[in-house]
Amino acid sequence: MSSGKIGITLTRHLFEEQRLHPAATGELTGILNQIALAAKVVSREVNKAGLAEILGLTGEENVQGEQVRKLDVFANDVFMAAFDHCGHFCIMASEEVEGPILIPEQFAKGHYCIAFDPLDGSSNIDVNVSIGTIFAIHKKITVNSWDGTTADLLQSGDSLVAAGYVIYGSSTMLVMSTGNGVHGFTLDPSVGEFLESHPDIRIPPRGKTYSVNEGNYPYWSEGVRKYVNHVKQADPATGRPYSARYIGSMVADVHRTLLKGGLFMYPADSKDPDKPNGKLRLLYECNPMAYLVEHAGGAASTGRGRIMAIAPTELHQRAPFFAGSPENVRELEEFVARYDG
Ligand code: AHM
Ligand code: MG
(Lines give C-alpha, C1' and ligand atoms only; values in the text may rest on other atoms or scores of the structure.)
(Ligands and ions follow the chains in the order given, each with its own letter.)
Protein backbone atom coordinates (compact mmCIF):
# COMPACT_ATOMS: atom_id res chain seq x y z
CA MET A 1 0.00 0.00 0.00
CA SER A 2 1.27 3.52 -0.74
CA SER A 3 1.90 6.13 1.97
CA GLY A 4 -1.42 7.84 1.31
CA LYS A 5 0.28 11.05 0.15
CA ILE A 6 -1.46 12.52 -2.90
CA GLY A 7 1.17 14.99 -4.13
CA ILE A 8 0.51 18.35 -5.75
CA THR A 9 -1.93 18.06 -8.60
CA LEU A 10 -1.84 20.42 -11.58
CA THR A 11 -5.15 21.87 -10.40
CA ARG A 12 -3.75 22.60 -6.94
CA HIS A 13 -0.61 24.15 -8.43
CA LEU A 14 -2.69 26.42 -10.67
CA PHE A 15 -4.98 27.37 -7.79
CA GLU A 16 -1.98 28.32 -5.64
CA GLU A 17 -0.45 30.37 -8.49
CA GLN A 18 -3.78 32.12 -8.92
CA ARG A 19 -3.92 33.02 -5.22
CA LEU A 20 -0.59 34.84 -5.58
CA HIS A 21 -2.25 37.15 -8.12
CA PRO A 22 -5.35 38.67 -6.54
CA ALA A 23 -6.39 40.23 -9.87
CA ALA A 24 -6.38 36.87 -11.65
CA THR A 25 -9.76 35.83 -13.00
CA GLY A 26 -9.07 32.10 -13.05
CA GLU A 27 -9.31 32.02 -16.85
CA LEU A 28 -5.74 30.77 -17.30
CA THR A 29 -6.45 28.05 -14.75
CA GLY A 30 -9.50 27.08 -16.76
CA ILE A 31 -7.48 27.02 -19.98
CA LEU A 32 -4.72 24.83 -18.53
CA ASN A 33 -7.30 22.43 -17.12
CA GLN A 34 -8.80 22.09 -20.62
CA ILE A 35 -5.31 21.43 -22.04
CA ALA A 36 -4.71 18.76 -19.38
CA LEU A 37 -8.04 17.11 -20.20
CA ALA A 38 -7.33 17.00 -23.95
CA ALA A 39 -3.77 15.77 -23.27
CA LYS A 40 -5.12 12.81 -21.29
CA VAL A 41 -7.39 11.82 -24.17
CA VAL A 42 -4.56 12.13 -26.72
CA SER A 43 -2.18 10.26 -24.40
CA ARG A 44 -4.64 7.39 -24.18
CA GLU A 45 -4.83 7.13 -27.97
CA VAL A 46 -1.06 7.55 -28.49
CA ASN A 47 -0.52 4.63 -26.14
CA LYS A 48 -2.69 2.51 -28.40
CA ALA A 49 -0.98 3.62 -31.62
CA GLY A 50 0.78 0.30 -32.22
CA LEU A 51 -2.49 -1.55 -31.69
CA ALA A 52 -4.38 0.46 -34.27
CA GLU A 53 -4.55 -2.35 -36.79
CA ILE A 54 -5.41 -5.00 -34.22
CA LEU A 55 -8.13 -2.83 -32.70
CA GLY A 56 -9.46 -1.88 -36.12
CA LEU A 57 -8.79 1.82 -35.68
CA THR A 58 -7.52 2.32 -39.23
CA GLY A 59 -8.74 1.56 -42.68
CA GLU A 60 -7.53 -1.40 -44.69
CA GLU A 61 -5.20 0.33 -47.09
CA ASN A 62 -2.07 2.32 -46.42
CA VAL A 63 -2.20 1.35 -42.78
CA GLN A 64 1.04 3.00 -41.65
CA GLY A 65 0.54 6.30 -43.41
CA GLU A 66 -3.16 6.40 -42.68
CA GLN A 67 -2.64 5.75 -38.98
CA VAL A 68 -0.11 8.57 -38.65
CA ARG A 69 -2.40 10.99 -40.39
CA LYS A 70 -5.35 9.88 -38.33
CA LEU A 71 -3.68 10.43 -34.99
CA ASP A 72 -2.66 13.96 -36.09
CA VAL A 73 -6.18 14.77 -37.08
CA PHE A 74 -7.57 13.08 -34.00
CA ALA A 75 -5.34 15.15 -31.71
CA ASN A 76 -6.37 18.31 -33.52
CA ASP A 77 -10.05 17.45 -33.11
CA VAL A 78 -9.59 16.69 -29.41
CA PHE A 79 -7.84 19.98 -28.65
CA MET A 80 -10.29 21.99 -30.74
CA ALA A 81 -13.20 20.34 -28.95
CA ALA A 82 -11.61 21.11 -25.58
CA PHE A 83 -11.05 24.77 -26.52
CA ASP A 84 -13.91 25.95 -28.69
CA HIS A 85 -16.76 25.93 -26.16
CA CYS A 86 -14.87 26.75 -22.93
CA GLY A 87 -15.49 30.50 -23.14
CA HIS A 88 -11.83 31.46 -22.71
CA PHE A 89 -10.80 31.95 -26.34
CA CYS A 90 -11.68 34.45 -29.04
CA ILE A 91 -9.65 32.83 -31.84
CA MET A 92 -7.25 29.91 -32.33
CA ALA A 93 -4.56 28.67 -34.73
CA SER A 94 -3.42 25.10 -35.27
CA GLU A 95 -0.64 23.59 -37.32
CA GLU A 96 -3.29 21.36 -38.86
CA VAL A 97 -5.50 24.23 -40.07
CA GLU A 98 -4.49 26.76 -42.70
CA GLY A 99 -6.36 29.85 -41.54
CA PRO A 100 -7.36 31.28 -38.16
CA ILE A 101 -10.02 29.23 -36.34
CA LEU A 102 -13.02 31.22 -35.18
CA ILE A 103 -15.06 30.27 -32.14
CA PRO A 104 -18.43 28.87 -33.30
CA GLU A 105 -21.31 31.33 -33.08
CA GLN A 106 -23.17 29.41 -30.35
CA PHE A 107 -20.27 29.49 -27.85
CA ALA A 108 -19.10 32.26 -25.54
CA LYS A 109 -15.89 34.10 -26.48
CA GLY A 110 -13.11 34.91 -24.04
CA HIS A 111 -10.09 37.17 -23.59
CA TYR A 112 -7.39 34.80 -24.82
CA CYS A 113 -6.15 33.24 -28.04
CA ILE A 114 -4.17 30.08 -28.51
CA ALA A 115 -1.81 28.74 -31.16
CA PHE A 116 -1.03 25.04 -30.94
CA ASP A 117 0.60 22.11 -32.64
CA PRO A 118 -1.66 19.21 -31.67
CA LEU A 119 0.81 16.41 -32.41
CA ASP A 120 4.34 17.50 -33.18
CA GLY A 121 6.91 15.03 -34.43
CA SER A 122 4.20 12.89 -35.93
CA SER A 123 6.63 11.05 -38.22
CA ASN A 124 7.76 9.34 -35.00
CA ILE A 125 4.37 7.84 -34.12
CA ASP A 126 4.75 4.60 -36.02
CA VAL A 127 8.21 3.91 -34.57
CA ASN A 128 7.13 4.33 -30.93
CA VAL A 129 9.23 7.45 -30.32
CA SER A 130 8.13 10.39 -28.16
CA ILE A 131 5.83 12.99 -29.70
CA GLY A 132 4.13 16.00 -28.19
CA THR A 133 1.64 18.86 -28.16
CA ILE A 134 2.84 22.47 -28.01
CA PHE A 135 0.73 25.51 -27.06
CA ALA A 136 1.14 29.28 -26.85
CA ILE A 137 -1.37 31.62 -25.20
CA HIS A 138 -1.78 35.37 -25.73
CA LYS A 139 -4.26 37.89 -24.43
CA LYS A 140 -6.67 39.38 -26.95
CA ILE A 141 -5.51 42.80 -28.14
CA THR A 142 -8.21 43.79 -30.60
CA VAL A 143 -11.23 45.67 -29.29
CA ASN A 144 -14.79 46.38 -30.49
CA SER A 145 -15.74 42.76 -31.01
CA TRP A 146 -15.91 39.58 -28.98
CA ASP A 147 -14.41 37.72 -31.93
CA GLY A 148 -10.64 37.70 -32.26
CA THR A 149 -8.76 38.50 -35.46
CA THR A 150 -5.50 37.32 -37.01
CA ALA A 151 -3.82 40.30 -35.31
CA ASP A 152 -4.51 38.65 -31.95
CA LEU A 153 -2.59 35.60 -33.09
CA LEU A 154 0.29 37.50 -34.70
CA GLN A 155 1.73 38.80 -31.42
CA SER A 156 5.38 38.36 -30.58
CA GLY A 157 6.60 35.78 -28.10
CA ASP A 158 7.36 38.63 -25.73
CA SER A 159 3.59 39.11 -25.25
CA LEU A 160 2.88 35.49 -24.31
CA VAL A 161 1.04 34.99 -21.04
CA ALA A 162 1.53 31.22 -20.88
CA ALA A 163 3.03 28.40 -22.91
CA GLY A 164 3.86 24.76 -22.58
CA TYR A 165 4.04 21.33 -24.06
CA VAL A 166 2.86 17.83 -23.38
CA ILE A 167 5.28 15.02 -24.09
CA TYR A 168 3.87 11.58 -24.83
CA GLY A 169 6.93 9.54 -23.94
CA SER A 170 7.81 6.75 -21.58
CA SER A 171 5.45 8.71 -19.35
CA THR A 172 3.17 11.60 -20.28
CA MET A 173 4.28 14.96 -18.92
CA LEU A 174 2.91 18.48 -19.09
CA VAL A 175 5.54 21.23 -18.81
CA MET A 176 4.26 24.78 -18.61
CA SER A 177 4.83 28.30 -17.45
CA THR A 178 2.52 31.20 -16.77
CA GLY A 179 5.52 33.44 -16.15
CA ASN A 180 6.31 32.15 -12.64
CA GLY A 181 8.90 29.50 -13.32
CA VAL A 182 8.66 26.39 -15.45
CA HIS A 183 6.97 23.42 -13.87
CA GLY A 184 6.60 19.80 -14.97
CA PHE A 185 3.72 17.47 -14.11
CA THR A 186 3.69 13.74 -14.80
CA LEU A 187 0.45 11.96 -15.58
CA ASP A 188 -0.37 9.23 -13.08
CA PRO A 189 -2.49 7.08 -15.37
CA SER A 190 -3.92 5.08 -12.49
CA VAL A 191 -5.76 8.15 -11.14
CA GLY A 192 -5.83 10.24 -14.31
CA GLU A 193 -4.13 13.25 -12.69
CA PHE A 194 -1.06 15.28 -13.59
CA LEU A 195 1.12 15.42 -10.45
CA GLU A 196 3.91 17.95 -9.93
CA SER A 197 7.14 16.04 -10.54
CA HIS A 198 9.56 18.73 -11.77
CA PRO A 199 8.94 22.00 -9.88
CA ASP A 200 10.87 25.09 -10.99
CA ILE A 201 12.96 23.61 -13.80
CA ARG A 202 16.27 25.49 -14.26
CA ILE A 203 18.40 24.81 -17.30
CA PRO A 204 22.15 24.39 -16.61
CA PRO A 205 24.16 27.48 -17.72
CA ARG A 206 26.22 25.31 -20.07
CA GLY A 207 25.65 21.82 -21.41
CA LYS A 208 27.77 19.35 -23.32
CA THR A 209 25.15 18.07 -25.73
CA TYR A 210 24.27 19.34 -29.20
CA SER A 211 21.06 18.35 -30.91
CA VAL A 212 20.51 18.88 -34.63
CA ASN A 213 19.66 17.01 -37.83
CA GLU A 214 23.24 16.82 -39.05
CA GLY A 215 22.13 15.37 -42.38
CA ASN A 216 21.42 18.98 -43.33
CA TYR A 217 25.04 20.02 -42.71
CA PRO A 218 25.88 20.88 -46.36
CA TYR A 219 22.89 23.24 -46.50
CA TRP A 220 23.70 25.32 -43.41
CA SER A 221 25.42 28.69 -43.31
CA GLU A 222 29.17 28.74 -42.75
CA GLY A 223 28.73 30.01 -39.18
CA VAL A 224 26.50 27.09 -38.18
CA ARG A 225 28.81 24.57 -39.90
CA LYS A 226 31.86 26.02 -38.13
CA TYR A 227 30.03 25.94 -34.78
CA VAL A 228 29.13 22.26 -35.20
CA ASN A 229 32.72 21.46 -36.25
CA HIS A 230 33.85 23.29 -33.11
CA VAL A 231 31.68 21.31 -30.67
CA LYS A 232 32.97 18.07 -32.20
CA GLN A 233 36.65 18.99 -31.77
CA ALA A 234 38.45 17.29 -28.88
CA ASP A 235 39.34 19.75 -26.12
CA PRO A 236 39.15 18.04 -22.72
CA ALA A 237 39.63 21.37 -20.91
CA THR A 238 36.24 22.61 -22.15
CA GLY A 239 34.53 19.23 -22.26
CA ARG A 240 34.59 18.87 -26.05
CA PRO A 241 33.70 16.94 -28.07
CA TYR A 242 30.06 17.32 -27.03
CA SER A 243 27.63 14.40 -27.21
CA ALA A 244 25.13 14.33 -30.05
CA ARG A 245 21.47 13.65 -29.20
CA TYR A 246 18.74 14.09 -31.80
CA ILE A 247 15.33 12.47 -31.63
CA GLY A 248 13.63 14.43 -34.41
CA SER A 249 10.72 15.32 -32.12
CA MET A 250 11.08 18.93 -31.04
CA VAL A 251 9.20 18.35 -27.81
CA ALA A 252 11.46 15.48 -26.79
CA ASP A 253 14.65 17.25 -27.86
CA VAL A 254 13.72 20.49 -26.06
CA HIS A 255 12.56 18.55 -23.00
CA ARG A 256 15.94 16.86 -22.68
CA THR A 257 17.74 20.14 -23.30
CA LEU A 258 15.70 21.89 -20.56
CA LEU A 259 16.55 19.21 -18.02
CA LYS A 260 20.15 18.43 -18.96
CA GLY A 261 21.39 21.53 -20.77
CA GLY A 262 23.09 21.88 -24.13
CA LEU A 263 21.86 23.29 -27.42
CA PHE A 264 18.92 22.27 -29.60
CA MET A 265 19.08 23.63 -33.16
CA TYR A 266 16.97 23.75 -36.27
CA PRO A 267 19.00 26.17 -38.43
CA ALA A 268 17.97 27.81 -41.66
CA ASP A 269 19.13 25.73 -44.61
CA SER A 270 19.32 26.07 -48.37
CA LYS A 271 17.87 22.62 -49.11
CA ASP A 272 14.38 23.82 -49.96
CA PRO A 273 14.14 27.30 -51.50
CA ASP A 274 10.55 27.50 -50.18
CA LYS A 275 11.78 27.18 -46.58
CA PRO A 276 14.70 29.61 -46.25
CA ASN A 277 14.15 29.87 -42.49
CA GLY A 278 14.37 26.20 -41.63
CA LYS A 279 11.45 24.00 -40.69
CA LEU A 280 10.06 25.05 -37.35
CA ARG A 281 7.03 27.32 -37.06
CA LEU A 282 7.30 30.52 -35.10
CA LEU A 283 3.87 30.80 -33.48
CA TYR A 284 3.28 27.31 -32.14
CA GLU A 285 6.73 25.69 -32.08
CA CYS A 286 9.52 28.27 -31.65
CA ASN A 287 7.81 30.91 -29.50
CA PRO A 288 6.29 28.64 -26.84
CA MET A 289 9.54 26.69 -26.53
CA ALA A 290 11.53 29.93 -26.38
CA TYR A 291 9.22 31.17 -23.62
CA LEU A 292 9.80 28.03 -21.56
CA VAL A 293 13.56 27.97 -22.15
CA GLU A 294 13.96 31.65 -21.21
CA HIS A 295 11.78 31.25 -18.12
CA ALA A 296 14.01 28.34 -17.09
CA GLY A 297 17.09 30.59 -17.33
CA GLY A 298 18.11 29.62 -20.87
CA ALA A 299 18.18 31.45 -24.19
CA ALA A 300 16.39 31.05 -27.53
CA SER A 301 17.72 32.71 -30.64
CA THR A 302 17.45 32.88 -34.42
CA GLY A 303 21.26 32.94 -34.36
CA ARG A 304 21.14 36.72 -34.58
CA GLY A 305 18.70 37.73 -31.87
CA ARG A 306 15.93 36.59 -29.57
CA ILE A 307 13.20 34.44 -31.08
CA MET A 308 10.54 36.10 -28.94
CA ALA A 309 11.38 39.57 -30.27
CA ILE A 310 10.25 38.65 -33.80
CA ALA A 311 7.09 40.48 -34.91
CA PRO A 312 5.13 37.72 -36.71
CA THR A 313 3.55 38.39 -40.09
CA GLU A 314 2.04 35.01 -40.95
CA LEU A 315 0.33 32.23 -38.99
CA HIS A 316 2.57 29.47 -40.27
CA GLN A 317 5.84 31.36 -40.71
CA ARG A 318 9.09 29.57 -39.92
CA ALA A 319 12.17 30.69 -38.03
CA PRO A 320 15.69 29.36 -37.49
CA PHE A 321 15.78 28.09 -33.91
CA PHE A 322 18.64 27.70 -31.43
CA ALA A 323 17.65 27.14 -27.80
CA GLY A 324 19.18 25.84 -24.63
CA SER A 325 21.84 26.69 -22.10
CA PRO A 326 22.62 30.42 -22.28
CA GLU A 327 26.39 30.00 -22.70
CA ASN A 328 25.94 27.55 -25.58
CA VAL A 329 23.49 29.87 -27.34
CA ARG A 330 25.85 32.88 -26.95
CA GLU A 331 28.70 30.85 -28.43
CA LEU A 332 26.59 29.82 -31.44
CA GLU A 333 25.63 33.48 -31.96
CA GLU A 334 29.32 34.43 -31.94
CA PHE A 335 30.05 31.94 -34.73
CA VAL A 336 27.10 33.25 -36.76
CA ALA A 337 28.20 36.87 -36.27
CA ARG A 338 31.84 36.06 -37.16
CA TYR A 339 31.30 33.90 -40.26
CA ASP A 340 27.87 34.83 -41.65
CA GLY A 341 28.31 38.59 -41.45
P1 AHM B 1 6.06 18.33 -37.77
O2 AHM B 1 5.36 19.52 -37.17
O3 AHM B 1 5.66 18.07 -39.18
O4 AHM B 1 5.97 17.12 -36.90
O5 AHM B 1 7.61 18.75 -37.92
C6 AHM B 1 8.26 19.28 -36.81
C7 AHM B 1 9.30 18.31 -36.33
C8 AHM B 1 9.93 18.69 -35.02
O9 AHM B 1 9.31 18.03 -33.95
C10 AHM B 1 11.35 18.25 -35.18
O11 AHM B 1 12.24 19.07 -34.42
C12 AHM B 1 11.60 18.40 -36.64
O13 AHM B 1 10.33 18.29 -37.27
C14 AHM B 1 12.47 17.33 -37.20
O15 AHM B 1 12.70 17.59 -38.54
P16 AHM B 1 13.79 16.79 -39.39
O17 AHM B 1 13.17 15.46 -39.67
O18 AHM B 1 13.98 17.62 -40.61
O19 AHM B 1 15.03 16.68 -38.57
MG1 MG C 1 4.98 20.51 -35.65
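What you see below is based on every heavy atom in this structure, not just the backbone, and it leaves out hydrogens, waters and symmetry mates. As the structure lists them, so they are numbered: ligands from 1, and atoms in each ligand from 1.
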Discussion item. Let's go through V166 and V251 carefully: what are the C-alpha distance in whole Å and the side-chain angles of both, what is the deciding distance for side-chain contact (heavy atoms from CB on, under 4.5 Å) to 0.1 Å, and is it a yes or a no?
Written reply: CA-CA 8 Å; V166 182; V251 174; over 6 Å; no
Discussion item. Using the rule given for ring-ring contact (aromatic ring centres under 6.0 Å, His included), can you reason through Y227 versus Y210, listing the C-alpha separation, both sets of side-chain angles and the distance that settles it, and then say yes or no?
Written reply: CA-CA 10 Å; Y227 173 77; Y210 74 105; 8.0 Å; no
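In this structure, H138 has no side chain to side chain donor-acceptor pair (under 3.5 Å) partners at least two apart in sequence or on a different chain. A search for side chain to side chain donor-acceptor pair (under 3.5 Å) contacts involving S249 returns N124, not counting sequence neighbours.
Scanning the protein for heavy atoms near atom 1 (P) of ligand 1, the closest one is D120 OD1, 3.7 Å. Of all protein heavy atoms, the one closest to atom 3 (O) of ligand 1 is E95 OE2, 3.8 Å. Atom 14 (C) of ligand 1 has its closest protein heavy atom at Y246 OH, 3.2 Å. Y266 OH, 2.6 Å is the protein heavy atom nearest to atom 18 (O) of ligand 1.
Residue M250 places at least one N or O, backbone or side chain, under 3.5 Å from an N or O of ligand 1. Among the atoms of N213, some N or O lies under 3.5 angstrom from an N or O of ligand 1. Considering backbone and side-chain atoms alike, G121 places an N or O below 3.5 Å from some N or O of ligand 1.
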Residues 103-114, side-chain donor-acceptor partners within the protein, below 3.5 Å, at least two apart:
from : atom 1 : to   : atom 2 : distance (Å)
K109 : NZ     : F107 : O      : 3.1
H111 : ND1    : E27  : OE1    : 3.0

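Using cut-offs of 30° and 60° for the angle between ring planes, the H230 and F335 rings count as tilted.
In summary, of the residues considered (Y284, Y168, Y165), a side-chain hydrogen bond (donor to acceptor under 3.5 Å, both in side chains) with T133 occurs for Y168 alone.
A donor atom on one side chain and an acceptor atom on the other are found under 3.5 Å apart for T238 and R240. For the 3.5 Å distance criterion, the side chains of S301 and E333 qualify, holding a donor opposite an acceptor.
Looking at L119 against ligand 1, nothing comes within 4.0 Å, counting heavy atoms. At a 4.0 Å heavy-atom cut-off, ligand 1 touches E285 through the side chain alone.
Close contacts between ligand 1 and S249 involve ligand atoms 9 (O) [criterion: under 4.0 Å to a heavy atom]. Near D117, meaning under 4.0 Å from one of its heavy atoms, ligand 1 places the atoms 2 (O).
Protein nitrogen, oxygen and sulfur atoms, that is N, O or S, within less than 2.8 Å of the Mg ion (ligand 2) amount to 4.
Which of M289, K271, K279, R281 comes nearest to atom 12 (C) of ligand 1 through a heavy atom is settled by distance: it is K279.
Look at K48 and E45 and you find a salt bridge, because one of the NZ, NE, NH1 or NH2 atoms lies within 4.0 Å of a carboxylate O, short of that distance.
At distances below 3.5 Å, at least one donor-acceptor pair connects side-chain atoms of S325 with backbone N or O atoms of G262. The main-chain N or O of I91 is never found under 3.5 Å from a side-chain atom of D147 such that the two would form a donor-acceptor pair.
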